[in-house]
Protein chains: 2
Amino acid sequence: MCMTKYEREIYRLITESTGHMSAEQVFHEVKNIYPSVSLATIYNNLNKLSDAGMIRKISVEGSPDRYDRPAKHDHMVCRRCGKLMDVQFRDLTDVLKSQMNEEFLFYDLKVYYICPKCRRKEEDGTVR
Amino acid sequence: MCMTKYEREIYRLITESTGHMSAEQVFHEVKNIYPSVSLATIYNNLNKLSDAGMIRKISVEGSPDRYDRPAKHDHMVCRRCGKLMDVQFRDLTDVLKSQMNEEFLFYDLKVYYICPKCRRKEEDGTVR
DNA sequence: AATAATTTTAGAATAATTCTAAAAAAGTGA
DNA sequence: TCACTTTTTTAGAATTATTCTAAAATTATT
């Protein structure tokens, strides 16, 4: 067998969902289908998939790691709530290559902002 | 008093050193000067300084947060050992602004590569 | 000096993740 | 199919990084 049922299910969840799920969220989803699954299995498989380059691990300070489809894209991160949003900026590979002599594997671009929801809250005055 | 002795010392360490120190490393350095300092104080002050924008917190998956001078610059990250290196690519602020309608606060660009040390190890054949 | 506010401390608590060793499941070959 | 090897899963302990807590110490204010 090529992929175990857990690998398959986790891969499907990460790539078909709107993405950005934490290990804990994946755990709850998988539990709906295979109630006996353990959290260690989720971590095992998330690591295996991300080592194999089939999914992508995203870490943002202050929140648990999240997992995303592997296709190249960038992220907007809300400075307040940590919410991630996919965004596709112009590809920088060539620009970066021309500015360095070393080879590189890939790059990770995060643009920090205040998401509409948090901005509204701040404008309400109550929260800061 | 404007800054406590710990704030002052920690700020100095982060901004004058070659940077990229973890809380634990800062702790050991500060301990040399003020042997009674506790780790909680280090975290308190690192957070205070980074909330105030006086230092910058960098998080890379798989390693503890590190702290850096606040001046705008980018990072190369070794995919194997996690070592950080400062690098100054062309500023992207305008390029990014022109590609989105929202305002943003700042961006974070990390370029992943294999550092010379780790590359050498891999070429030796022994380690993979 | 008396009081109030801030900072520091030690250690407990929490959160995220990895490790461990045993059990279960899957794959292999005679 | 049976015996055996390999891989995967499991539960729970262990680890790591960080925050929280409440008391003690220090600093500032009246």
Side-chain angles (χ1 to χ4, degrees), chain A residues 1-14 19-52 54-68 77 79-84, chain B residues 1-14 19-52 54-68 77 79-84:
Chain A
M1 199 189 279
C2 238
M3 267 182 141
T4 69
K5 62 181 180 178
Y6 291 122
E7 272 181 319
R8 210 179 314 111
E9 186 55 31
I10 291 171
Y11 176 73
R12 198 190 59 75
L13 273 168
I14 300 299
H20 312 142
M21 296 174 90
S22 67
E24 201 65 40
Q25 287 175 304
V26 172
F27 179 49
H28 287 304
E29 290 297 320
V30 174
K31 228 176 159 58
N32 289 336
I33 302 163
Y34 303 110
S36 74
V37 74
S38 92
L39 185 55
T41 300
I42 302 296
Y43 275 106
N44 282 171
N45 285 294
L46 284 171
N47 285 336
K48 221 193 288 178
L49 288 166
S50 95
D51 288 349
M54 299 185 64
I55 62 174
R56 175 172 160 191
K57 189 192 272 202
I58 315 168
S59 63
V60 172
E61 67 134 300
S63 48
D65 288 347
R66 278 167 281 182
Y67 299 85
D68 202 357
V77 187
R79 193 84 222 273
R80 298 284 177 265
C81 68
K83 200 172 174 308
L84 279 166
Chain B
M1 199 188 280
C2 238
M3 268 181 139
T4 68
K5 62 180 180 180
Y6 290 123
E7 272 180 318
R8 209 177 317 111
E9 186 54 31
I10 291 171
Y11 176 73
R12 199 189 59 74
L13 273 168
I14 300 300
H20 310 143
M21 297 175 91
S22 67
E24 200 67 39
Q25 287 174 304
V26 172
F27 179 50
H28 287 304
E29 290 297 321
V30 174
K31 229 177 159 53
N32 288 337
I33 301 163
Y34 303 109
S36 74
V37 73
S38 92
L39 184 55
T41 299
I42 302 297
Y43 275 106
N44 282 171
N45 285 295
L46 284 171
N47 286 336
K48 220 194 287 178
L49 288 167
S50 96
D51 288 348
M54 298 185 63
I55 61 174
R56 175 172 159 192
K57 191 192 269 201
I58 316 168
S59 62
V60 173
E61 66 132 302
S63 48
D65 289 346
R66 277 165 281 181
Y67 300 84
D68 202 357
V77 187
R79 193 82 222 277
R80 298 284 177 266
C81 66
K83 199 171 175 307
L84 280 166

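The sequence lines fix the lettering, A, B, ..., with proteins before strands; numbering per chain opens at 1.
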| request: Identify whether any heavy atom of Ser22(B) sits under 4.0 Å from a base atom; if not, whether one sits that close to sugar-phosphate; answer base, sugar-phosphate or nothing. | output: nothing
Of Glu7(A) and Asp65(B), the one whose closest nucleotide on DNA chain D sits nearer the 5' end is Glu7(A)
Quick note, Ala23(A) side chain, CB onward, closest among dT8(D), dT17(C), dG12(D) is dT17(C)
TODO: For residues Val26(B) and Asn45(B), determine if any side-chain heavy atom of one lies less than 4.5 Å from a side-chain heavy atom of the other.
DONE: no
- Query: Counting any heavy atom closer than 4.0 Å, what does Asn44(A) reach on the DNA or RNA strands: base, sugar-phosphate only, or nothing?
  - Reply: base
Separation of dT18(C) atom P from Ile42(A) atom CD1, nearest Å, is 13 Å
Report yes if at least one side-chain N or O of Tyr43(A) is closer than 4.0 Å to OP1 or OP2 of dT18(C); otherwise report no.
no
Atom CG of Asn45(A) and atom C1' of dA25(C) are separated, to the nearest Å, by 14 Å
Rounded to whole Å, CD of Glu61(B) lies from P of dT17(C) at a distance of 10 Å
Would you call Thr4(B) and Glu9(B) a side-chain contact if the rule is heavy atoms closer than 4.5 Å? no
Winner on side-chain proximity to Ser38(A), out of dT10(D), dA10(C), dT19(D), is dT10(D)
Between CZ of Arg8(B) and C1' of dT26(D) the distance, given in whole Å, is 14 Å
Worksheet item: Taking only side-chain nitrogens and oxygens of Tyr6(B), does any of them come within less than 4.0 Å of OP1 or OP2 of dT9(C)?
Response: yes
Q. Can you check whether Thr41(A) has a side-chain N or O nearer than 4.0 Å to OP1 or OP2 of dT8(D)?
A. no
Item to complete: Go through the steps for Thr41(B) and Ile10(B) under the test side-chain contact (heavy atoms from CB on, under 4.5 Å), then give the verdict.
Response: CA-CA 10 Å; Thr41(B) 299; Ile10(B) 291 171; 5.6 Å; no
To the nearest angstrom, the CG-C1' distance between Leu39(B) and dA12(C) comes to 14 Å
Phe27(A) atom CZ is separated from dT9(D) atom P, nearest whole Å, by 14 Å
So CE of Met21(A) and CD of Glu29(A): to nearest 0.5 Å the spacing works out to 4.5 Å
Applying the 3.5 Å cut-off to both distances, the Watson-Crick or G-U partner of dT30(D) turns out to be dA1(C)
Per atom distances to the Ala40(A) side chain, the nearest of dT18(D), dA11(D), dA10(C) is dA11(D)
Next item on the list: Compare side-chain N and O positions of Lys5(B) against OP1 and OP2 of dT8(C) and report whether any pair is under 4.0 Å apart.
Entry: no
- prompt: Would you say dT8(D) has OP1 or OP2 under 4.0 Å from some side-chain N or O of Lys48(A)?
  reply: yes
Close side-chain approach of Lys57(A) to Asn47(A), heavy-atom, < 4.5 Å = yes
To the nearest angstrom, the NZ-C1' distance between Lys31(A) and dA11(D) comes to 11 Å
note: Leu46(A), atom CG; dT8(D), atom P; distance rounded to Å ~ 15 Å
Taken to the nearest 0.5 Å, the spacing of Met3(A) CE from Met54(A) CE works out to 3.5 Å
Ranking dA17(D), dT7(C), dA11(D) by distance to the side chain of Pro64(B), first place goes to dA17(D)
Any side-chain N or O of Ser36(B) below 4.0 angstrom from OP1/OP2 of dT9(C)?
yes
